[in-house]
Amino acid sequence: MLAPKFEIKTYSDHALLINFHEEASQALTHYIYSLSQQVSELQINGFIEAVTAYQSLLVIFDVNFWHLEEASNNLEAFIEQFQTEGILKPNIISVPVCYSPELAPDLENFCSNKNISISELVAKHTAKSYRVEMLGFLPGFLYLSGLSKELVMPRKKTPNFKVPAGSVAIGGEQTGIYPITSPGGWHIIGRTPMTFFEPDKNPPINIKPLDEINFHAITEKEYFEYGN
Amino acid sequence: MAIKFLQAGMQTSLQDLGRPGYRSIGISQAGAIDSDNFKLANWLVGNPVNNPCLEIYLGGPVLEFTQDMVIGIAGAKFQIFINDKLTSSDQTLFVNKGDILKFGQSVSGARAYIAFNGSPKDEQFLNSYSCDTTSQLGYNSGKSFHDNQILDIQTRNHTKQIRLLPAELNTQYPKNMLIRVTKGMEFDLLTEEAKRNLFEQSFSVSHNSNRMGLRTSGQALQVNFEKTMISSPVTVGTIQLPTNGQPIVLLNEGQTIGGYPRIGQVISTDLPLLGQITPHSKISFYLVNIAKAIDINHFKKNSIANL
């Protein structure tokens, strides 16, 4: 992919945000992810880290060691000539999910709102393959694209105080997995017994943007016996 | 040797300057929120700048030292007592084996840092000792100290030099903190009235504030925006506007990606001050542009370079 149309905005007194004006796609995710890997090699003064997101890349610097114009010009010149070829081969990760009201407090409400049965929801949610667009919000939280339009639902007005680790949820046009117990404003429709985030490992998570997640339904019995 | 927590205090945790570099896997930097006073505490002891310190919040601990030690305290002003004797905390302190350090009332500010001449014996997580209480990561699996807990320390040699806290860095924190901000990425989504209200009113700081963020409330701010925003990167100091119109200022344990409009960004120089804002106090925002924010930082960098 050639450089998509982009614009560099000054996010703060020590960060630049690169917005890409291009529809979300596998190629764009690949472009942004590859770019994020390269930006760390550019040795721009004060560089700390690059954070990939949907259609954007945030580049954070040390306020004491960066120079705004220099960083911005460097990035602009680099992106203009940066291109990607093909697509990284994604890892395909099969994720077992128990879609049961016992483990997913919002499942019944979600289905009645959508006027579908739980089994219809399961069929729709497991039918597709989802692409990891970015990680973030929480350690190891996976933002997945590819949600069926029929399952789109705005985030909750009032977030839940405590969403259990492993919860599979829908928020707007996105679906995601909560890797650790945390507050959250998405609708919980299932729970996976799989562990994605292991703090005692380095890196603590092995999933990266572009990887593919396939959900498959398991019973409560299988959920509780998982890993035994 | 060790520090024993006879009483843990309200939220006492081990912090250093955090773990930058892992936001792309969702790990925020954590670390000392008032990094200026964290560094100052280490300076009092003659420590490397990033030596881990105890961060204490609102209600201080009661500590017993199992060996002679050098400590330095900086940040929020508390009454402090060594073996029940009221002691000034504005200088390097030498404590003896068996001494008990007690914190009394907080006089001003929210967080103080206790530096000591040594390093914890525990391992770091992703190059940092910082205890991330929100994500339950890092030192002590992200848990604050509890009563009777013991922090094992590998001490290092120290000088006998006594350092005094420079008077100009010995800050009293007001109950209405003025925080300078630049415009956030979605500032222009605010209605004209909301733009004025953001800077013309003081916001109350909620008791629900923590190391993740300061929740504020005031006259609700409105945005001209219909659809939901796509989740986008945020950083320490980003001011987000949830649907209820009450701004949240993200702190060191804040999320890395957020779905609410980013209406402002606290300037680097004022980020440490956010750590000194107490629940039920006020916060006011003052708008500066990026060039000014960078200038202010250069001025600060030069003024403390002599330490």
Side-chain angles (χ1 to χ4, degrees), chain A residues 9-15 17 19 24 33 36 40 48-60 62-64 66-68 133-143 154-155 157-159 171-174 176 179-183 185-186 197 199-200 202-205 207-209, chain B residues 20-29 123 125-127 132 134-138 141-142 181-185 212 227-238 242-244 255-260 262 264-269 271 288-298 300-301:
Chain A
K9 299 193 100 171
T10 308
Y11 182 90
S12 70
D13 60 20
H14 65 287
L17 182 67
N19 284 323
Y33 179 68
S36 76
S40 52
I48 294 179
E49 58 187 312
V51 188
T52 51
Y54 291 114
Q55 293 151 298
S56 68
L57 180 70
L58 181 71
V59 190
I60 303 177
D62 183 327
V63 66
N64 290 323
W66 85 314
H67 188 271
L68 192 155
E133 294 288 346
M134 60 179 177
L135 286 77
F137 168 53
L138 296 168
F141 185 93
L142 304 176
Y143 284 89
R155 298 179 192 107
K157 276 250 155 68
T158 316
E173 296 173 4
Q174 307 165 88
I180 59 172
T181 301
S182 72
W186 292 19
F197 187 83
D200 47 353
N202 192 358
I205 185 159
I207 300 173
K208 60 177 190 326
Chain B
Y22 299 96
R23 298 186 83 82
S24 58
I25 54 169
I27 298 181
S28 47
Q29 70 188 62
E123 283 186 11
F125 169 65
L126 302 177
N127 309 316
D132 185 336
T134 303
S135 297
Q136 298 134 40
L137 298 172
S141 299
V181 302
T182 53
K183 288 180 185 175
M185 290 292 106
M212 191 174 185
K227 51 182 188 162
T228 41
M229 241 187 74
I230 191 127
S231 301
S232 302
V234 290
T235 65
V236 180
T238 298
T243 27
N244 66 9
Q255 67 232 47
T256 60
I257 297 280
Y260 298 124
R262 300 160 292 184
Q265 181 69 34
V266 175
I267 70 170
S268 294
T269 303
L271 289 175
V288 297
N289 63 30
I290 295 281
K292 179 80 179 168
I294 292 175
D295 274 354
I296 295 170
N297 182 68
H298 279 296
K300 172 184 172 181
K301 189 171 93 176

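Letters A, B, ... are given to chains in the order of the sequence lines, protein chains preceding strands, and every chain is numbered from 1.
- In this structure, A:Thr52 has no side chain to side chain donor-acceptor pair (under 3.5 Å) partners at least two apart in sequence or on a different chain.
- Between chain B and the residues A:Pro139, A:Gly136, A:Ser182, the largest count of heavy-atom pairs under 4.5 Å involves A:Pro139.
- Contacts of A:Ile207 with chain B are absent, with no heavy-atom separation under 4.5 Å from either backbone or side chain.
- For chain B, the nearby part of A:Gln55 is the side chain; its heavy atoms alone come within less than 4.5 Å.
- Only the side chain of A:Gln174 comes within contact range of chain B, with heavy atoms under 4.5 Å apart.
- Only the side chain of A:Leu68 comes within less than 4.5 Å of a heavy atom in chain B; its backbone stays farther off.
- For A:Phe141 and A:Trp186, the distance between ring centers is under 6.0 angstrom.
- Of the atoms belonging to A:Ser56, it is side-chain heavy atoms, and not backbone ones, that fall under 4.5 Å from chain B.
- With a 4.5 Å cut-off on non-hydrogen atoms, A:Leu142 does not touch chain B at all.
- Considering only residues two or more places apart in sequence or on other chains, A:Asn64 meets the side chain to side chain donor-acceptor pair (under 3.5 Å) condition with B:Asn297.
- Of the atoms belonging to A:Leu138, it is backbone heavy atoms, and not side-chain ones, that fall under 4.5 Å from chain B.
- The contact between A:Thr181 and chain B is made entirely by backbone atoms, counting heavy-atom distances below 4.5 Å.
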